[in-house]
Amino acid sequence: MKKYAVIVVDMVNDFVTGALGGSPRIKSIIEPIRDLCEKARANGIPVIYANDCHTPEVDKEFKVWGPHAVVGTWGAEVIDELKPQEGDIIVPKKTYSAFYETPLELILRELGVDTVVITGWQADCCCRHTSADAFFRGFNIVVPKETTDTLTEEGYCGGLEYIKNIYGGTICSVKDLF
Ligand code: ZN
């Protein structure tokens with residue numbers, strides 16, 4: 001039997017309504033992610049938030065995106081609609097992948113997880129890079145299609161196709177899980 005963990009990538013204020021926010025496409029994934037997290041918690045499946053948490057003047061990513069999700073600010077906090085619950089885990093990250101220079105792999109190994117359910121923003125950037133690092137480390141990858149998106153339909157389809165074709169990810173729906 002698969003041992004799952006749900007990973008919620010970058011559902012922080014700055015991506016939804018703050019510095020880099022405003023895309024109607026991110027609004028549409030909030031409810032499906034909430035439903036999935038509730039289902040996961042009810043089934044004893046860990047919910048892990050991987051949140052951008054940047055240091056100004058240091059993190060190179062600002063050259064590409066401009067300032068966002070600055071450590072200690074409202075912009076770096078998970079949105080109210082998806083507020084972490086007791087027992088959830090928060091992993092701050094400095095760049096696209098939730099694994100890169102973070103304790104995520106250790107946490108997953110200690111929990112005995114073999115399959116990561118990757119959700120959040122953006123399908124063709126942080127979710128895709130997180131999938132790459134999950135694949136390199138031998139985790140199975142599942143992406144419920146209504147729990148991720150990006151700025152354009154083309155980017156969304158391309159992101160999911162890439163995760164499926166290159167990392168062997170399973171694309172499914174929230175209703176198919178647990
Ligand atoms: Zn960032």
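Counting convention: from 1, in listed order, for ligands and their atoms alike. Note that the structure is a prediction, hence the values are computed from the model and not measured.
Between Lys94 and Glu61 there is no salt bridge, since no side-chain nitrogen of the basic residue lies less than 4.0 Å from a carboxylate oxygen of the acidic one.
The Zn ion (ligand 1) sits nearest to atom OE1 when only the N, O or S atoms of Glu61 are considered. When distances from the Zn ion (ligand 1) to the N, O or S atoms of His68 are compared, NE2 comes out shortest. For Asp52, the N, O or S atom with the smallest separation from the Zn ion (ligand 1) is OD2.
Looking only at side-chain heavy atoms (C-beta outward), Phe15 and His68 come within less than 4.5 Å of each other.
Using bins of under 30°, 30° to 60° and over 60° for the plane-to-plane angle, the ring pair His54/Phe62 lands in the perpendicular bin. The aromatic rings of Phe135 and Tyr167 are tilted relative to each other, their planes meeting at an angle between 30° and 60°.
Among the atoms of His54, an N, O or S atom falls under 2.8 Å of the Zn ion (ligand 1).
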